[in-house]
Novice: 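Pasting a structure here, questions to come.
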Amino acid sequence: MDELSGKSGIFVHHWDTDGMCSAALLLRELKERAEVETFTPTIGNFYLDQKDRKAIGEKNRDFVVVIDMALPEESIEFLKELGDVYIFDHHLQGKYDVCLHHNPVIDGKSADEYPSASWVMGEYLGKEPDMLSILGSVGDREKKLLDNEKVMKKVNSVLQRLNTDFQTMLEVVSLLDSSYKLGARDEVRKMPWFLMDLEEPSEILKRSDLRDNVRKLDSAIQAEVHAHIDETEPGVLYLEMESPYNIISTVTRQIAWANEDKIVVVVNDSFMEGNIQVYIRGPIPDSQSIIEAARDKGYSAGGKSDVVGMVIPDEDRGFIKTAMEML
């Protein structure tokens with residue numbers, strides 16, 4: 001990224017462990033070479049709302065780097081008005097006409113080879129896998145990463161070098177993700193700067209503030225995971241929850257782990273005022289069609305081959321039924 005040296009810009013990164021670690025990897029590369037701010041969109045939105053646009057656009061910038069966020073075209077076009085746009089991602093998305101759109105998955109590579117944006121970022125920067133690059137992968141795939149023999153060979157090499165294990169990395173992910181799940185957006189924005197110079201997990205593990213977050217969230221998550229879940233159609237599980245926390249992806253993932261042969265649909269209408277969060281996970285026949293149908297309606301939507309996340313206005317709740325029919 002030599003072309004960014006001496007310039008000023010902003011990183012627009014996802015709020016989860018993968019987004020924060022990916023941003024930290026690039027911050028480490030640009031340290032003392034460029035003037036950078038970090039920014040995460042309104043938590044739960046897979047697009048830039050008007051408040052986000054105002055915040056990002058209040059300064060002149062040379063560049064914008066979008067990290068681990070499959071933003072819709074209108075958000076990308078807005079960013080192009082501010083400066084040169086660079087994208088690093090591994091989600092399903094269209095190919096955008098920007099200075100650089102680096103996403104091996106949409107270029108035809110297997111998603112198994114690129115389990116996280118941090119993996120994509122590390123490879124692009126020419127770095128061997130390290131704690132940050134494997135943390136992003138553990139965060140996005142969690143226990144399913146253990147089935148990926150090719151990636152796990154490199155992950156295990158890093159774990160051995162760090163004198164730690166996979167379970168500890170899962171604990172670290174839980175700590176890092178706690179900020180966004182509680183809606184602590186400013187903490188998410190600061191986290192890449194904290195992570196940037198870390199080479200081992202001890203500094204993360206000993207943060208008492210993150211441990212307090214996790215204790216609060218664990219009880220809320222387990223209450224939802226063990227709630228009654230309806231099998232609305234053969235092979236489709238459906239759960240409606242009312243949580244003030246952004247735990248829908250974790251709840252969906254844990255239910256899916258326990259029901260690997262079924263598609264899990266989880267809905268939460270209590271985290272985002274005026275909007276409904278929808279997460280779908282499992283053996284989805286065609287996730288891209290659902291994502292495109294949601295985006296055609298103007299909704300925020302994104303995902304991967306086995307995951308769909310959407311934000312739907314309260315008044316358009318009927319689209320949930322449409323999405324489930326597409327399953």
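Because the structure is a prediction, the values reported are computed rather than measured.
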Novice: Measure the shortest side-chain to side-chain distance between Y86 and V98 over non-hydrogen atoms and say whether it is less than 4.5 angstrom.
Specialist: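 Y86 vs V98: side chains apart.
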Novice: Find out whether I106 and H101 are in side-chain contact, i.e. whether some heavy atom of one side chain is under 4.5 Å from a heavy atom of the other.
Specialist: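 I106 vs H101: side chains touch.
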Novice: Please state whether the rings of F11 and F63 are parallel, tilted or perpendicular, taking 30° and 60° as the class boundaries.
Specialist: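 Correct class here is tilted.
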Novice: Is a side-chain donor-acceptor pair under 3.5 Å present for Y180 with S249?
Specialist: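 The answer is yes; a qualifying pair exists.
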Novice: How about D107: does its CG atom have over 12 heavy atoms from other parts shown lying under 6.0 Å from it?
Specialist: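 Check passes, neighbour count above 12.
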Novice: How about D261: does its CG atom have over 12 heavy atoms from other parts shown lying under 6.0 Å from it?
Specialist: yes
Novice: Side-chain contact test, heavy atoms from C-beta onward, threshold under 4.5 Å: evaluate it for L162 versus M131 and give yes or no.
Specialist: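 A side-chain contact exists here, since the closest heavy-atom pair is under 4.5 Å.
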Novice: Side-chain contact test, heavy atoms from C-beta onward, threshold under 4.5 Å: evaluate it for E81 versus R53 and give yes or no.
Specialist: no
Novice: Side-chain donor-acceptor pair under 3.5 Å between Q277 and N246, yes or no?
Specialist: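 Their side chains do contain a donor-acceptor pair, which is all the 3.5 Å distance test asks for.
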Novice: So, S5 and D2: side-chain donor and acceptor under 3.5 Å apart, yes or no?
Specialist: no
Novice: Quick one: do Y279 and V308 end up in the same hydrophobic cluster if we chain Ile, Leu, Val, Met, Phe, Trp and Tyr together by side-chain heavy atoms under 4.5 Å apart?
Specialist: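 Different clusters: Y279 never reaches V308 through Ile, Leu, Val, Met, Phe, Trp or Tyr contacts under 4.5 Å.
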Novice: Flag yes if V278 and L92 sit in one hydrophobic cluster, no otherwise; membership is Ile, Leu, Val, Met, Phe, Trp, Tyr, and two members link when side-chain heavy atoms are under 4.5 Å apart.
Specialist: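 Hydrophobic grouping puts V278 apart from L92.
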Novice: Side chains of V214 and R211: does their closest heavy-atom pair fall under 4.5 Å?
Specialist: no
Novice: How close do R207 and E203 get, counting heavy atoms only, and between which atoms?
Specialist: CG-O, 3.5 Å
Novice: Ion pair present between D186 and K190, side-chain N to carboxylate O less than 4.0 angstrom?
Specialist: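 The answer is yes: the pair qualifies as a salt bridge.
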Novice: Between D18 (side chain) and S118 (backbone), is there a donor-acceptor pair under 3.5 Å?
Specialist: yes
Novice: Assess whether atom CD of Q160 is packed by more than 12 heavy atoms of other residues, nucleotides or ligands within 6.0 Å.
Specialist: no
Novice: Can you confirm whether more than 12 heavy atoms, excluding those of K153, are under 6.0 Å from its NZ atom?
Specialist: no
Novice: Ignoring hydrogens and geometry beyond distance, is a side-chain donor-acceptor pair present between T42 and D49 at under 3.5 Å?
Specialist: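 T42 vs D49: donor-acceptor pair found between side chains.
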Novice: Should we say atom NZ of K80 is surrounded by more than 12 heavy atoms from elsewhere, each under 6.0 Å from it?
Specialist: yes
Novice: Counting C-beta onward and ignoring hydrogens, is there a side-chain heavy-atom pair between S179 and W15 closer than 4.5 Å?
Specialist: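 Answer no - side chains too far apart.
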Novice: Taking the ring of H102 and the ring of Y124, is the distance between their centroids below 6.0 Å?
Specialist: yes
Novice: Y47 versus M69: any side-chain heavy-atom pair under 4.5 Å?
Specialist: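 No, their side chains stay 4.5 Å or more apart.
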Novice: Verify the neighbour count for atom CD of E231: are there more than 12 heavy atoms of other residues, nucleotides or ligands below 6.0 Å?
Specialist: yes
Novice: Do L195 and L27 have side chains that approach each other closer than 4.5 Å (heavy atoms only, starting at C-beta)?
Specialist: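 They are not in contact (no side-chain heavy atoms under 4.5 Å apart), so the answer is no.
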